[in-house]
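All residue numbers refer to positions in the sequence shown, counting from 1.
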Amino acid sequence: MFNKLFHRLLQGIAVLIVLFTITFFLCRALPGGPYVSEKAIPAHVKELMMERDGYNKKVHEQYLMRLGNLLRGDIGLSTRLSGRPVNEVIAQSFPVSFHLGLISMLFALALGIPAGVIAAWKKNMSVDFIVMTLAMLGLCLPSFVLGPILAEIVGRQWKLLPSMGWEPTNAMTWILPMITLSVGYAAYLARLTRSGMLDVLSQDFVRTARAKGVSMHRILIKHCLRGGLVPAAAFLGPAFAGIISGSLVIELVFQVPGLGRHFVKAIETNDVNVIMGIVLLYGGLVVLGNILSDFLILWLNPRARAQSWSHIPMSLVIQNGTSLLADAMQRLKKNRAAVMGFYCLGLIVICCLVLPFTPILRDPNAQSLVDQNLSPGAKYWFGTDNLGRDIFSRVFYGGRISIAVAVLTTLVAATIGVTYGAISGYVGNKVDALMMRVVDVLYGMPFLIVVILFGRVLEKHTAKWSNFVVDIFTAADATPAKINDVRTAVEPLVMMAPLFIAIGALSWLTISRIVRAQVLSVKKLEFVEAARSLGLSHTKILFRHILPNCVGPIIVYTTLTIPGIMLFEAVLSFLGLGLKPPNSSWGVLIQGGSDLMLTNPWSLVFPSVFFSLTLLSLNFIGDGLRDAFDPKSSKDWSPQANRNLAAEFSREIASPGVGFEDGA
């Protein structure tokens, strides 16, 4: 164990050096430079600053100089904060972020894991529905909406807690930021724990224990909990780094003097040393979090709790003559929540795609000073905003952007993540270690820098792309009104192209770790060994036998990725880095509505309702698909099936040489 830990620490150091190299050249690629400011810097002062920081040297000399300083623990001076050492900036701000992140993580664990266990125990019952609905609401409510609402209602109106500020010695100032930061993580943990517990509850030893009469509490706590926490444990690595390193939104909303605000300002001003210092700190937390997560998965030992499918009577798995797909579709149709989710999501998608090309919607960017801040009525169904724009039109125009970004990016991320994680877990050994270190490097990548870099590089090409599409319609002799409609529809999508590329390039990392953990827990089972003994190729074994048994967490996290990407797009818009006005997405509308929620609440309510309905539908669909297409979930737990199981157990124990192994 000590040798393994030592090797992981050495690999972590290598990961940080690679991360430093990538960040260095990314910062070099950013236009402007570290000495660009609103006030012109005198030439001789700028020259002295460049000489002090080594910017007058060649690129490779700068790299070696900075790498040497880094190994000595010196990151450099901030160009924005009057030459303050970056080490001092981090030492002053990081303890606040660490304090807030630690209590938020503990609160999320205490809330999410028990909720997931209870939901799995009461599967498809009212308790399960209530718990998962609350978890989905936690996922659907952006932190930059929840935070201002809590600050306004609980802090300013009810005066129960401080609405903003941070005092390390006053626990009352911690509560609202902690709740706002931990709600999303608790919801993720609840859903992943439920998925993992359902996988364990469908195993042979649980069926046998139930038939033997072992209490469900004993089964859950003693035999199922460790194995059921594997998906959540895989998620804890990146979650640890994300929640500990500081939340940009929470710190802005509640005026918390943490590290996140320095990161945003450093990106805006090209403060390279601060960027590199915070990125390396975040990368170190990612490495530490993933090491802890891997050792936690090893302690949970998922392979020991799984038994072979060969002991499951196939009569209890699917009906005779029914294929797995047909059986899954039958069970999916019986899931009312999933069916309602399909109908609701389909209606929203159709409206967002069709209505913008009909006369029902007005121009979403048309302003009317006479119609400012009108409440919903016959003329404006959803009211107007502070510029007199029709919110009804903006909701459906913005929905196309949010849905397109989320769905297309998730498909790319899921394809890459599932393939990468499956290969890593199946091959194992040194290949697995190398592939996971690549994931660690990408985890530590400065995501905002990547988005900004792509945006600035591709910004000059967006107009050409939109004009290209418009020229096609012009060549087809389309009417000016039609051409204007096409331009209105195309330009926002083209402007979001950098987000498609940047988010898709890094969104597959967590799902790859979850798939890897599941593959590691399945690949040593008897049915996989039987497939190998039959001479099946590794590709068939992996994609036709192992991955179908990991489908539950894959589907759950894929459906979690879609709302996660939609929320990230909303956060980027909140920070001013997403879609630019006058174009809109649901994230832009929610961000604008949160500023006006006291005087113009409908500007926040209607975008939030459609945003939440879409995410709720996606999550209900994900749960339904997970239960329907997971081969292990096809077992029938009806009373008749339990009686059949008890009879099967009696026959087995009456047979010579057959024993009972109770436990994982």
Side-chain angles (χ1 to χ4, degrees), residues 104-141 178-179 182-203 205-207 209-210 213-236 239 296 300 302 305-306 331 334-338 340-341 514 517-518 552-553 555-557 559-560 563 615-616 618-628 630 632-633 635-639 642 663-664:
S104 300
M105 175 61 78
L106 295 176
F107 184 75
L109 290 170
L111 190 64
I113 291 178
V117 173
I118 294 173
W121 178 22
K122 301 293 184 180
K123 175 187 173 184
N124 293 334
M125 299 174 65
S126 58
V127 175
D128 179 23
F129 179 80
I130 293 172
V131 170
M132 284 298 100
T133 300
L134 292 176
M136 292 172 191
L137 289 175
L139 290 172
C140 298
L141 195 59
M178 178 194 69
I179 293 175
S182 61
V183 163
Y185 288 96
Y188 270 85
L189 288 170
R191 298 208 63 208
L192 290 173
T193 301
R194 177 185 182 273
S195 174
M197 289 296 295
L198 288 177
D199 280 341
V200 180
L201 288 170
S202 62
Q203 297 295 336
F205 70 89
V206 177
R207 293 165 52 83
R210 286 172 65 108
V214 180
S215 67
M216 199 61 194
H217 293 85
R218 182 179 176 85
I219 293 174
L220 285 172
I221 302 301
K222 183 177 180 180
H223 303 305
C224 298
L225 185 59
R226 289 178 63 176
L229 291 179
V230 171
F235 170 73
L236 284 179
L296 179 59
L300 293 172
R305 51 96 174 166
R331 283 180 281 112
K334 296 178 182 178
N335 191 321
R336 296 181 180 179
M340 291 299 298
I514 292 175
Q518 292 298 115
I555 291 177
V556 168
Y557 195 80
T559 56
L560 287 174
L615 301 192
L616 281 171
L618 286 168
N619 284 286
F620 280 129
I621 291 171
D623 282 344
L625 291 174
R626 182 248 175 260
D627 294 338
D630 185 359
K632 298 184 288 296
S633 69
K635 306 182 187 76
D636 181 13
W637 290 108
S638 63
N642 280 329

Subject >> Pairs touching residues 105-124 that satisfy ring pair (Phe, Tyr, Trp, His ring centres under 6.0 Å), sequence neighbours left out >> reply: Trp121-His217
Can you measure from [atom1] ([X]) to [atom2] ([Y]) and round to the nearest 0.5 angstrom?
X: Leu106; Y: Leu111; atom1: CG; atom2: CG; answer: 12.5 Å
X: Met340; Y: Phe620; atom1: CE; atom2: CZ; answer: 10.0 Å
X: Leu220; Y: Leu201; atom1: CG; atom2: CG; answer: 6.0 Å
X: Ile118; Y: Ile130; atom1: CD1; atom2: CD1; answer: 11.5 Å

Residues that [X] engages under side-chain contact (heavy atoms from CB on, under 4.5 Å), provided they are two or more places apart:
X: Leu225; answer: Val117, Met197, Leu229
X: Leu618; answer: Leu345, Ile562, Thr614, Leu615
X: Ala115; answer: Val131, Ala190

**OP:** For residues Leu189 and Ala232, report the shortest heavy-atom separation together with the two atoms involved.
**Re:** CD2-CB, 4.0 Å
**OP:** List the atom of Ala135, the atom of Arg191, and the distance in Å for their closest heavy-atom pair.
**Re:** CB-CG, 4.3 Å
Subject >> salt bridge (charged side-chain N to carboxylate O under 4.0 Å, His left out) pairs, two or more places apart, involving residues 108-122 >> reply: none
Original post:
In chain order, what residues pass the ring pair (Phe, Tyr, Trp, His ring centres under 6.0 Å) check against Phe235, with sequence neighbours excluded?
Top reply: Tyr188
**OP:** Applying side chain to side chain donor-acceptor pair (under 3.5 Å), name anything that partners Asn335, two or more places apart in sequence or on another chain.
**Re:** none
Original post:
With side chains defined as the heavy atoms from C-beta onward, is the minimum distance between Val230 and Val200 less than 4.5 Å?
Top reply: no
